[in-house]
Engineer: 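Could you have a look at this structure, given as structure tokens, before my questions?
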Amino acid sequence: MRVIEQLIHHFWARGALSRDEAAYLVKHGFAREEDLPGFGEPRPLSDEQLAEIEGEERSLEADAQRAANDKAVAAEELEDELVGRNAGTKKGGGKKKKPTGHNLAPAVELLKAHFDARVPYPALLELGSRVAKCSDWRAAARAIGTAPREKLEPALVALLASRPRALGELWFWCDLEPLFDWCADAANAGPVADGLAKLLRATNPANVGRLGQLAKAPEVQALLDFLPARRAFLDLLPVLFHTHFPKLGLWLVPPHGPAADCWPALPWSFVIVYNARHGAPGAPPPGYAVQPSGLAPNLLRAALTTALAQAPVAVRELLIQEARDTGQPAFARPLHCPFTWRV
């Protein structure tokens, strides 16, 4: 698969491409429809359409889904039992194969470890507490996710003015790459991984199949609390770039500890947007030259995904005009970073 196709697949899996944008790329030969999971499915219902669906109908559908899931689990357990009886020793004493795909436990362990690693970083609670009274990170996430932008933006700006390192902590909270990677791992293939992947990129969780099954786990309920807050924060990134550009360099402070691992993707996303918005062929924007080849591939993909969401058309043109099969994304022109930033 060409590099550009890999990137489009990555963007689609992370929800960074709308269906119309993906259709444009498929139509012009940049990607294949079969490489975009769910692209051929019917368009998700809008909030208004969902509101018109009767509660009884939704309840019947949920019951049918649970019954189907229970039947699939029972069939898999029966198969594992038969395999266990007939494999291994002559008496059928072989080791029983554990059922996969339908088991929520691995996903629960993943989510618990994911959030436990982020709890020591207080930025989420600090931001939520600036818009409402919050007792823990989940309350803060709910407050952030429901706050109007005109209230959330000044709260975020005030937090960054008082503690610039909070931006990196919030970015760590919003880094879901470990969850996406787990869902994409063939070892975890099955309805749980598929449902979790759809939930991670869905704009409306009500459109996610098996949501009722997944939401039985408190850890998934915590994820449901967090996802709207993540969207609200990411929606403010272009606001930070355009409205608070003079201060942005002061806020690009790497966080400490494990949060530092994913940090470079955020300043690099701003660098990409800076060049896409302000650069032109033969006329780079003011700044010093930077080489994206020095960035780890996973971080560059994350940076591109974030930049694409901020400026879809400009970033797409910067990226795909001269994309080549080099193993790394190619940019249409050399990139420059503002003198006051460090990436």
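The basis for the numbers below is simple: all heavy atoms, side chains too, and nothing from hydrogens, waters or symmetry mates.
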Engineer: Using 0.5 Å steps for rounding, measure from the CD atom of Glu126 to the CG atom of Leu170.
Structural biologist: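 Reported to 0.5 Å precision, the distance equals 8.5 Å.
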Engineer: Restricting to salt bridge (Lys or Arg N to Asp or Glu O under 4.0 Å), what partner residues turn up for Glu177, sequence neighbours left out?
Structural biologist: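 Result, salt bridge (Lys or Arg N to Asp or Glu O under 4.0 Å) vs Glu177: Arg14.
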Engineer: Is a donor on one side and an acceptor on the other found under 3.5 Å between the side chain of Arg333 and the backbone of Gly279?
Structural biologist: yes
Engineer: Looking at Asp136 and Ala139, would you say the former's side chain and the latter's main chain have a donor-acceptor pair under 3.5 Å?
Structural biologist: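 Side chain of Asp136 to backbone of Ala139, a donor-acceptor pair under 3.5 Å: yes, one is there.
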Engineer: List for me each residue that meets ring pair (Phe, Tyr, Trp, His ring centres under 6.0 Å) alongside Trp182, sequence neighbours excluded, and say none if there are none.
Structural biologist: none
Engineer: For Ala265 and Leu299, work out which heavy atoms get closest and say how close.
Structural biologist: CB-O, 3.6 Å
Engineer: With a 3.5 Å distance limit and no angle check, can you tell me whether Ser162 reaches the backbone of Leu159 through a side-chain donor-acceptor pair?
Structural biologist: yes
Engineer: Considering residues at least two apart in sequence or located in another chain, which fulfil the salt bridge (Lys or Arg N to Asp or Glu O under 4.0 Å) criterion with Arg142?
Structural biologist: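 Salt bridge (Lys or Arg N to Asp or Glu O under 4.0 Å) list for Arg142, sorted by chain: Asp225.
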Engineer: Okay, side chain of Trp171, backbone of Cys262: is any donor-acceptor separation there less than 3.5 Å?
Structural biologist: yes
Engineer: Do Phe233 and Trp173 have ring centroids that are under 6.0 Å from one another?
Structural biologist: no
Engineer: Under the rule for ring pair (Phe, Tyr, Trp, His ring centres under 6.0 Å), what residues qualify as partners of Phe172, not counting sequence neighbours?
Structural biologist: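 Expected list: Tyr121.
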Engineer: Using the rule that two of Ile, Leu, Val, Met, Phe, Trp, Tyr join whenever any of their side-chain heavy atoms come within less than 4.5 Å, decide whether Leu179 and Leu234 are in one cluster.
Structural biologist: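 The answer is yes; both residues are in one hydrophobic cluster.
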Engineer: Closest heavy-atom contact between Ala140 and Leu125?
Structural biologist: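 Residues Ala140 and Leu125, closest heavy atoms: CB-CA, 3.7 Å.
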Engineer: Using only atom types and a distance under 3.5 Å, with no angle test, would you say the side chain of Asn188 pairs donor to acceptor with the backbone of Ala184?
Structural biologist: no
Engineer: Donor-acceptor pairs under 3.5 Å, side chain of residues 335-343 to any protein atom, not counting sequence neighbours: which ones?
Structural biologist:
| unit_1 | atom_1 | unit_2 | atom_2 | d |
| --- | --- | --- | --- | --- |
| Arg342 | NH1 | Phe339 | O | 2.9 |

Engineer: Would Phe241 and Phe245 count as a close aromatic pair, with their ring centres under 6.0 Å?
Structural biologist: yes
Engineer: Excluding sequence neighbours, so at least two apart, what forms side-chain hydrogen bond (donor to acceptor under 3.5 Å, both in side chains) with Lys112?
Structural biologist: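 Partners of Lys112 by the side-chain hydrogen bond (donor to acceptor under 3.5 Å, both in side chains) criterion, ordered by chain and then number, come out as Asp116.
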Engineer: Let me know which of Leu304, Leu308, Thr306 forms a side-chain contact (heavy atoms from CB on, under 4.5 Å) with Ile272.
Structural biologist: Leu304
Engineer: Answer yes if Phe270 and Val253 sit in the same cluster of Ile, Leu, Val, Met, Phe, Trp and Tyr residues linked by side chain heavy atoms under 4.5 Å apart, and no otherwise.
Structural biologist: no
Engineer: Does the side-chain contact (heavy atoms from CB on, under 4.5 Å) test come out yes or no for Val157 and Thr243, once each step is laid out?
Structural biologist: CA-CA 11 Å; Val157 171; Thr243 308; over 6 Å; no
Engineer: Does a donor on one side chain sit under 3.5 Å from an acceptor on the other, for Glu153 and His244?
Structural biologist: yes
Engineer: Return the minimal non-hydrogen interatomic distance between Pro255 and Arg165, and the atom names on each side.
Structural biologist: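 Residues Pro255 and Arg165, closest heavy atoms: CA-CG, 3.8 Å.
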Engineer: How long is the straight-line distance from NE2 of His242 back to CG of Leu237, given to the nearest 0.5 Å?
Structural biologist: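 Reported value, rounded in 0.5 Å steps: 10.5 Å.
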Engineer: At their closest point, which heavy atom of Cys174 faces which heavy atom of Arg230, and how far apart are they?
Structural biologist: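 Closest approach of Cys174 to Arg230: O-NE, 2.7 Å.
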Engineer: Which pair of non-hydrogen atoms, one from Pro264 and one from Asp261, has the smallest distance, and what is that distance?
Structural biologist: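 In terms of heavy atoms, the two residues are closest at CD-O, 3.7 Å.
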Engineer: Looking at every non-hydrogen atom in both residues, tell me the closest pair between Arg130 and Ala158 and how far apart they are.
Structural biologist: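 Heavy atoms only, the tightest pair is NH1-CB, 3.5 Å.
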